[in-house]
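Quick note on labels: first sequence line is chain A, next is B, and so on, each numbered from 1.
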There are 2 protein chains.
Amino acid sequence: MATIADVARAAGVSPMTVSNVINGHPHVRDSTRAKVLAAMTALDYRVNVAARNLRRGRTGVIGLAVPEVNRPYFAQFAAAIIAAAQRRDLRVSIEQTGATRENELAVLGLSRNRLYDGLILSTVGMGAADTEHLKVPYPVVILGERIFNGPVDHVAMPNAGGARAAVRHLADRGCRRIAMLTGVETTEVGVSELRLTGYRLALQDLGLRYDPGLVQRMDEMSMGAAAERVHAMVTGGLDFDGLFCLTDTAAMGALRALADLAVAVPEDVKVIGFDNIEEGRFLVPSLSTVDPDHQAMAESAVGLLARRIDGGAGHEEFVSRFTVIARESTAV
Amino acid sequence: MATIADVARAAGVSPMTVSNVINGHPHVRDSTRAKVLAAMTALDYRVNVAARNLRRGRTGVIGLAVPEVNRPYFAQFAAAIIAAAQRRDLRVSIEQTGATRENELAVLGLSRNRLYDGLILSTVGMGAADTEHLKVPYPVVILGERIFNGPVDHVAMPNAGGARAAVRHLADRGCRRIAMLTGVETTEVGVSELRLTGYRLALQDLGLRYDPGLVQRMDEMSMGAAAERVHAMVTGGLDFDGLFCLTDTAAMGALRALADLAVAVPEDVKVIGFDNIEEGRFLVPSLSTVDPDHQAMAESAVGLLARRIDGGAGHEEFVSRFTVIARESTAV
DNA sequence: TTGTAGGCGTTATCAC
DNA sequence: GTGATAACGCCTACAA
């Protein structure tokens, strides 16, 4: 529990000099530096981050708010964010919002207590009407579509474009009755709606009729819910030969349900997901998907936030590129 | 950026009274409280956490160091920890160690900067020889076996017991040549060794001969590495009818490799994992596993840490119960 | 019930 | 190249 003052006393210098040594200031005589370093070692000195934060007005911590870390996609994203932050000497504190609007707003409020230097917020429940809430006195990067015109940076996925490509991929492999497994209509520009837009655009491209019966909405994007829904679709006699799932996680559930019902994938139904979670490669059959390049998104989110923390102005938007990854679940 | 002083001025009271209102002290006249609250709202006052931390000597943040959040098991665990911490008004900052000894030690050092009130450390790379490093001036809960006699609490999994039960489960279903997919020998009491102990004990119980050739060690516990290794085992002509995988993640890779080689699961080889990750239920075939009750472990880890933060003494150890979950991969 | 004084540990400023 | 001073915003003790 030694303080700078203790070290200064031991080294026979002033606290300020110790501080200068700690912070690598150039104008310190080598012999002085040596004395100070020796004293620091002897006393096992550690900086008190709270005091430094108070003085500097910064915490060195950024917040990351995601629905739940225990979802492969967000886990992957969180891992990438933490790694990117580490490279910039920032620590990451994670908040779980459960994908609800209230919790997303609560996180914005929390951070106003200067807990974090900045916040990366994955918006799922919030909508355009909540733009006001984004007017907070610290940098925010929204992970999601440009829902808001507020004073925030955005890191977006190519939702519509990726979905469009996924559906085209199914059609290229011969599918004509392509179903989509998506979420409930939350906000007009939520992930579900954007990917649904891509789905519809693809159908148009292909000259296929849009059949609302093929669009299946689920309350919750879990493997279990997806499995149940697909089960119901098949036993209910819905006719489809392709299935585009909103997320890979949902696709995992779908694959399981199809296996239960002895519907062969890809022979009877071809399945494609979205996110490229690591697990997809190892499923049986392995899962075709849209890869939105998390790495680039994470790097960009942290980069934008860091720039803003350092006083950068102007609101930027980053949209990652995507790739369609063809695996067994859509093989011909 | 209003401070307590600003609020006090606006409300016509002293800063101390504002502080009392903020912290819910009882002896404040209602009318005074009302005035203060009004001023706080008007000025949009937010406490400065850095200042409060400095004064209180606490940060309200606990560190959670895991190899990587992007591994289903640790993601699940992290989610549970964060939820448990949230219930106690603690925030969780995550560090990724990559399962290396150096990084685990580095995290211990980091936290000495009073960044966290306490630390939950998942030890993988550290061994008994590192006990010294655990002597840090803040509470630590080790997630892992009682490797150390140091001044720390432990939250342990029933590694040996769970492994023993898993192997017995395979034998009960008719397996006689049971292979184990495990990690490299790191520490004498690492997860790999403990579960291997369970494996050997089970063989003894069953009167089966221990065949070192059936114990397959991998450098890295990933799906990809496991798939490769199992591929090599089969194409190399290794004779086995049961496979106990160190983790469910490894088992996912194993299942994939077996499918590639047209080895039927469970008919030709039965497979069981360890961890009960959520995905296991949805694999094809669904994965039998040992469930170590993460929920209880997480709750207990945060509970122990919170108690220590609040000054509790004495080193406790919590070992969770386990259950063997039988699914398709070990069906008869 | 409310207010005053002081210090938590660090660092920016500016003088020497 | 080094150091004195002051301040970051809050809260514990004590006084009124």
Side-chain angles (χ1 to χ4, degrees), chain A residues 1-40 43-61 89 111-117 137-138 310-311, chain B residues 1-40 43-61 111-117 137-138 311:
Chain A
M1 304 295 184
T3 73
I4 277 196
D6 298 329
V7 175
R9 216 169 301 126
V13 299
S14 81
M16 205 46 236
T17 300
V18 177
S19 176
N20 284 335
V21 171
I22 292 169
N23 295 291
H25 280 239
H27 301 307
V28 179
R29 192 174 304 163
D30 280 350
S31 60
T32 311
R33 186 193 316 282
K35 267 194 303 187
V36 171
L37 289 174
M40 293 204 313
L43 297 178
D44 193 26
Y45 170 80
R46 311 278 157 173
V47 309
N48 180 323
V49 186
R52 172 180 280 177
N53 287 343
L54 174 58
R55 186 58 239 221
R56 297 227 250 241
R58 281 205 193 170
T59 66
V61 176
D89 253 316
S111 325
R112 301 188 69 173
N113 300 350
R114 299 204 203 60
L115 253 178
Y116 309 135
D117 292 341
Y138 56 87
D310 290 335
Chain B
M1 304 296 181
T3 73
I4 276 196
D6 297 330
V7 176
R9 215 170 300 126
V13 299
S14 82
M16 208 43 241
T17 302
V18 177
S19 176
N20 284 334
V21 170
I22 292 169
N23 296 291
H25 281 239
H27 301 306
V28 179
R29 193 176 303 161
D30 281 350
S31 61
T32 311
R33 185 193 317 283
K35 267 195 303 187
V36 171
L37 289 173
M40 294 205 312
L43 297 178
D44 194 25
Y45 170 80
R46 309 280 158 172
V47 308
N48 180 325
V49 186
R52 171 181 282 179
N53 287 344
L54 176 58
R55 186 58 241 235
R56 299 227 250 240
R58 281 207 192 170
T59 66
V61 177
S111 323
R112 301 187 69 173
N113 300 351
R114 302 207 201 58
L115 253 178
Y116 309 135
D117 292 342
Y138 55 87

> Is there a side chain to side chain contact (heavy atoms under 4.5 Å, CB included) between B:V18 and B:V13 once you walk through the steps?
Replying inline: CA-CA 7 Å; B:V18 177; B:V13 299; 3.9 Å; yes
> Quick one: which of D:dA7, D:dT2, D:dG9 gets closest to the side chain of A:R55?
Replying inline: D:dA7
>> Quick check for you: among D:dC11, D:dG3, D:dC10, whose closest atom lies nearest to any side-chain atom of B:S19?
In response: D:dC11
Once you round it to whole Å, what is the distance between [atom2] of [N] and [atom1] of [X]?
| X | N | atom1 | atom2 | answer |
| --- | --- | --- | --- | --- |
| B:H27 | D:dA16 | NE2 | C1' | 16 Å |
| B:N53 | D:dC8 | CG | P | 18 Å |
| B:R9 | D:dG9 | CZ | P | 11 Å |
| B:D6 | D:dA7 | CG | P | 15 Å |
| A:H25 | D:dT2 | NE2 | P | 13 Å |

> For DNA chain D, whose closest nucleotide is more 5', that of A:M16 or that of A:L54?
Replying inline: A:M16
> DNA chain C: A:I4 or B:S31, which has the more 5' nearest nucleotide?
Replying inline: B:S31
>> Taking the nucleotide of DNA chain C with the nearest heavy atom to each, does B:P15 or B:R114 sit closer to the 5' end?
In response: B:P15
> Shortest non-hydrogen contact from A:I22 to A:M40?
Replying inline: CG1-SD, 3.9 Å
> Of the non-hydrogen atoms in A:A39 and A:A10, which two are nearest, and what is the gap between them?
Replying inline: CB-CB, 4.1 Å
> Under 3.5 Å, side chain of B:D117 to main-chain N/O of B:T59, donor-acceptor pair present?
Replying inline: yes
>> At less than 4.0 Å, is any side-chain N or O atom of A:R56 found next to OP1 or OP2 of D:dC8? Yes or no.
In response: no
> Under 4.0 angstrom, heavy atoms only, what part of the nucleic acid is B:N20 near: base, sugar-phosphate, or nothing?
Replying inline: nothing
> 5' to 3' on DNA chain C, which nucleotides open and close the contacts with chain B (atom under 4.0 Å from a heavy atom)?
Replying inline: C:dT1 to C:dG9
